[in-house]
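What follows is a single structure, written as structure tokens, with notes after it.
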Amino acid sequence: MSRYNAAEVEPKWQAAWDAAHAFEVDGKSGKPKYYALEMFPYPSGNIHMGHVRNYAMGDVIARYKRACGFEVLHPMGWDAFGMPAENAAIEKSVHPKGWTYANIDAMRAPLKRLGFALDWSREFATCDEAYYKQQQAIFLAFWDKGLVYRKTAKVNWDPVDMTVLANEQVIDGKGWRSGAEVETRELDQWFFKITHYADELHYALDDLERWPEKVRTMQRNWIGRSEGAQFKFTFDGTAPEGFEEIEVYTTRPDTLFGASFVAMAYDHPLIKSLNAESAPLQELAKTCMAMGSTAEAIEKAEKLGVDTGLRVQHPFDPGKTLPVYAANFVLMGYGTGAVFGCPAHDQRDLDFARKYKLDVTPVVLPKGEDANTYKIEDTAYTGEGVLFGSGFLDGMSKVAGIVAAIAKLEELGIGTKQVTYRLRDWGVSRQRYWGCPIPIIHCDACGAVPVPTKDLPVSLPEDVKFDGLGNPLERHATWKNTPCPKCAKLARRETDTLDTFADSSWYFARFAGGQGNGQPDDRPFDKEEASAWLPVDQYIGGVEHAVLHLLYARFFTRGLRDCGLLDLPSGEPFDGLFTQGMVTHASFKTEDGAWVIPADVDEKDGKFFELGTGKSVTKGAVEKMSKSKKNVVDPADIIEGYGADVARWFVLSDSPPERDVEWTEAGAIGAWRFASKIWATVAETDASDFNPLDTPQDADGEALALRKLVHKALVKVTEGIDEFRFNTSVAQIYELTNALKKYKANDASKIEGLGVLVRMIAPFMPHLAEECWAYLGGIGFVCDAPWPKAEAALLVDDQITIPVQVNGKRRTELVVSKSTPKDELEKLALAEPLVSAHIEGKTIRKIIVVPGRIINIVAN
RNA sequence: GCGGGCGUGGUGGAAUUGGUAGACACGCAAGACUUAAAAUCUUGUUCCUGUAUAGGAGUGCCGGUUCAAUUCCGGCCGCCCGCACCA
């Protein structure tokens, strides 16, 4: 028996799969389709453990579904545009294109070495001219459909990356990539009209049953749909010039009788028009802008406002007028930029009212309170209750009040029911070189003119200089200056490129819509093929994309659908979504704060020392592998040392897939030992007289017991994969392997068991599985072998063990025939010495017998 | 502040239409093999009761429902994630 040699075996099978084009599909097999996809990688140049885990999970699904009889599309490509390439260009004087493609080549090799069941024939990079040409075509299709527009907008400007960021890309007031404080600038920007689908994107979340609830909640919050009323206040006395009324938005029109002021954003046009003559207003504007997006805690602590001196008429109460304030807590970007304040039932309004000594009039009475004595102290009441002091609304519930108030506003002709969203249109202009050029030409005479389809692609010029100062395209005269397609006069190309999130918003359709190397060049993807494969049945990636990427992709597929490019009625690109946890690793630090590579740390008596220097080090947090913490484990080293199967097995063992998994050297060794054990178990068996696909008919005694174990394990392993709980499948595989190793007879039952084991490990450790399969005399590749089927008869036992409890405490157990009747079980239980000892001197009140489960004797 | 999730041995974790808590693995301990070590194999390993075919306690804490609660309900505590003046 030879020792298992992964370094030899793995490349052998990879070559065999390649030669057989084992994982290339054309959608014409007649089998049901299954589209398995992992979020494609950014070509940083290095494969890391996170990739291994992500793709290992996808590969388990792909190989398993394949074995279950599906034609599985499982493609791979590169999310290749983006700023790191430009940063590298600036720092190392290499061209982004050369840098990116070199990285792709550097990453493809280790990725292939992991032996994933991928259809590499469909590979592409988003920076391929063929790809971005089609992205430009999509841009123009969206333009024609009214899903693209241009406007001057206040934008989030990242001063480090020197580009605009979408709202989603600003995290705590800082750029999501650079971490720099984001500034506000006004620029001409391109937008995708994602708000056109706001309602659909919101409601369709309910049907995404195979998405994590967490992600759906995050998207729901992001879209921020709210129902309310929009209505007008008219001025009491003279109106400011140019304004007839103040339009406000509220979700609580039922509390209108409790209103004591109107508050407006500092940058509301009406307030702006008053600014010139009011120093306090200018001061407020200054304060608001300075606070910007950073110190939210401070903002929260202090409500600021300036009384404009204006007053408005209460719409329902002729005898009442309200003061108009400019206030720092009202946002121009939401609703109408103006609200009415009802301090009793909104905390912000209450804080404001207390500070500026405004009335606090409760109009919603909580259950159990008396209208005459009910007072609001320093907590606003936002719950249910009965309306009072509210004229025609008196006695109504909150919901009824809202409906009635809206009806009244409509009757008065001053307001309507209104749905408002937090979601903004997607700003896609980026002042960057390494991205998809926006196919527009600016002509002084004709305006923004789309580049004619026949002139696509608008290619990125290669002769550019990178000095870190803004967008090189802006300064490339021969590229930038070009004739207008309409009037032929000299015009200028749009120099902005598209946000790279556009690239990843439709790549899955391109994978699906062109077989072999033949992705079409005259359309983004073959409509029929893409429509047949989509939606992706199982999508796997990090939860960090819960809002950005996944929302943009949902928008794109709807746009593609409505442009007639894709037949996907639901508009949903991903039927099932799974967000996997990270790969973490221990980190170590010396006393002077320098991080130490874990491999250079030695442990003695619970203390840690750096090898070589002997310096004492402390164990830091177990956290995500990162270069700065020096706690990175390079998959290449693991593959070299233990093999791809071991790396794959490790990242799938122990931890549930959605949780983080801690990489440990001991665990890696454990996985390696297990792989060796499987090989040893198989290779010490003489399989020459049997076939792994045969089912023994006449097994009895130990052979029958083994068969039962095998088939029960099969059920559990299958469930584990189906339910994305690979760690439980792994545990079952361990257990089964141990049993098979112990079973020394060389008979049909053992070969059957080994055959089942090998097919079950195939999605996890495919190379080892092929080697074992070949040894056992299996026909063809194990990756083509059908998933084993459990025999129902073997899953039930005649003899079962039933625990016996006295007063809920387990005292003993009975081993009985499954068909033992209830009264017989009672008799047997009571006859047990350990039972009688505990019921002695007591009266039996009740005996509960749950067939096949438990017996509980209640006595006191 | 709002929303979501989680809390089980030394460690990762298993068990939920309520039914033997701790499967499986790591680690640790003892033993076998060996001149020795590594590898491998065997046994043990929640805690307490000096011994254990026995008893008691035990799934963050307090309480409830139930013959029976890791699982269901109520209230706390702690940790993680997301959103954050969204009217």
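Below, chain A is the first sequence line, B the second, and so on; all start at residue 1.
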| Where the side chain of A:E735 is defined as all heavy atoms beyond and including C-beta, which of B:rA23, B:rG12, B:rG19 is the nearest nucleotide? | B:rA23
| said: Please report the distance, rounded to the nearest Å, between NZ in A:K398 and P in B:rA87. | reply: 11 Å
| said: Return the pairing partner of B:rU59 with a 3.5 Å limit on both distances, Watson-Crick or G-U wobble; otherwise return none. | reply: none
| Would B:rG9 be called syn or anti, given that syn covers angles within 90° of 0? | syn
| request: Just compare B:rG19, B:rC86, B:rA54 and give me whichever is closest to any side-chain atom of A:R853. | output: B:rG19
| task | Round to a whole Å and report the spacing from CZ of A:R216 to C1' of B:rG3. | result | 15 Å
| Pairing partner (Watson-Crick or G-U wobble, both distances under 3.5 angstrom) of B:rU34 | none
| field | Whole-Å gap separating P (B:rG19) and CD1 (A:I855) | value | 17 Å
| message | Only pairs with both distances under 3.5 Å count, Watson-Crick or wobble alike; so what is the partner of B:rA84 in this structure? | response | none
| said: Quick one about A:T195 and A:D425 (side-chain donor to acceptor, distance below 3.5 Å, no hydrogens or angles considered), yes or no? | reply: yes
| request: Check every atom of B:rC41, B:rA54, B:rC85 against the side chain of A:K677 and return the nucleotide holding the closest atom. | output: B:rC41
| task | Using a 4.0 Å heavy-atom cut-off across all strands, classify A:N221 as base, sugar-phosphate, or nothing. | result | nothing
| remark: Taking B:rA87, B:rA57, B:rG12 as options, the one with an atom nearest any side-chain atom of A:K809 is B:rA57
| query | Using a cut-off of 4.0 Å on non-hydrogen atoms, how would the nucleic acid contact of A:R673 be classed: base, sugar-phosphate, or nothing? | reply | sugar-phosphate
| Pairwise P distance, B:rC81 and B:rU20 [rounded to whole Å] | 35 Å
| message | I'd like to know if the side chain of A:R554 pairs up with that of A:Q219 as donor and acceptor (distance under 3.5 Å, no hydrogens or angles considered). | response | yes
| For atom NE2 of A:H838 and atom P of B:rC67, their distance in whole Å | 21 Å
| field | Euclidean distance for C1', B:rC26 against B:rC76 (whole angstrom) | value | 35 Å
| said: Expressed as a whole number of angstroms, how long is the span from A:M582:CE to B:rC81:C1'? | reply: 10 Å
| task | State whether A:E684 and A:K741 are salt-bridged, where the test is any N-O pair (Lys NZ or Arg NE/NH1/NH2 against Asp/Glu carboxylate O) under 4.0 Å. | result | yes
| request: For B:rU51, give its Watson-Crick or G-U wobble partner with both distances under 3.5 Å, or none. | output: none
| query | What about the rings of A:H314 and A:F257, do their centers lie closer together than 6.0 Å? | reply | yes
| Base, sugar-phosphate alone, or nothing: which one does A:V850 contact when heavy atoms must sit under 4.0 Å apart? | base
| task | For B:rG18 versus B:rA69, give the span between their C1' atoms, rounded off to a whole number of Å. | result | 6 Å
| said: The side chain of A:A731 is closest to which nucleotide in this list: B:rA23, B:rC41, B:rG12? | reply: B:rA23
| message | Counting only Watson-Crick pairs (N1-N3 plus N6-O4 or O6-N4) and G-U wobbles (N1-O2, O6-N3), all under 3.5 Å, who is the partner of B:rC6? | response | B:rG78
| remark: Quick note, A:N738 side chain, CB onward, closest among B:rG12, B:rG56, B:rC24 is B:rC24
| message | Considering every strand and a 4.0 Å limit on heavy-atom distances, what is the contact class for A:T664: base, sugar-phosphate, or nothing? | response | nothing
| message | What's the closest nucleotide to the side chain of A:I854 if the choices are B:rG3, B:rU20, B:rC85? | response | B:rU20
| said: Pairing check on B:rA39: which nucleotide meets the Watson-Crick or G-U wobble criteria with it, both distances under 3.5 Å? | reply: none
| remark: From the candidates B:rG82, B:rA14, B:rC24, the one with an atom nearest any side-chain atom of A:Y734 is B:rC24
| A:R225 near the nucleic acid: base, sugar-phosphate alone, or nothing, with a heavy-atom cut-off under 4.0 Å? | nothing
| query | Choosing from B:rC85, B:rU20, B:rG12, which nucleotide comes nearest the side chain of A:Q805? | reply | B:rU20
| task | Mark yes or no: A:K303 above the aromatic ring of A:F329, with NZ or CZ under 6.0 Å from the six-membered ring centre and no more than 45 degrees from the axis. | result | yes
| task | Pick the P atom in B:rC80 and in B:rU70, then give their distance to the nearest Å. | result | 27 Å
| message | Ignoring hydrogens and geometry beyond distance, is a side-chain donor-acceptor pair present between A:R811 and A:H838 at under 3.5 Å? | response | yes
| said: Under 4.0 Å, counting only non-hydrogen atoms across every strand here, what does A:R845 touch: a base, just sugar-phosphate, or nothing? | reply: nothing
| said: In this structure, is the centre-to-centre distance between the rings of A:Y356 and A:F261 below 6.0 Å? | reply: no
| query | Rounding to a whole Å, what distance do you find between A:I848:CD1 and B:rU20:C1'? | reply | 16 Å
| remark: Taken to the nearest whole Å, CZ/A:R422 to C1'/B:rC2 is 12 Å
| said: Please report the distance, rounded to the nearest Å, between CD1 in A:I733 and P in B:rA23. | reply: 19 Å
| field | Selection from B:rC81, B:rA87, B:rU20 that lies nearest to any side-chain heavy atom of A:K214 | value | B:rC81
| Using a cut-off of 4.0 Å on non-hydrogen atoms, how would the nucleic acid contact of A:K716 be classed: base, sugar-phosphate, or nothing? | nothing
| message | Over all strands shown, is A:V330 touching base, sugar-phosphate only, or nothing at heavy-atom distances under 4.0 angstrom? | response | base
| request: Report the base-pairing partner of B:rC67 (Watson-Crick or G-U wobble, both distances below 3.5 angstrom), or none. | output: B:rG19
| For the residue pair A:F231 and A:Y249, is the inter-centroid distance of their aromatic rings smaller than 6.0 Å? | no
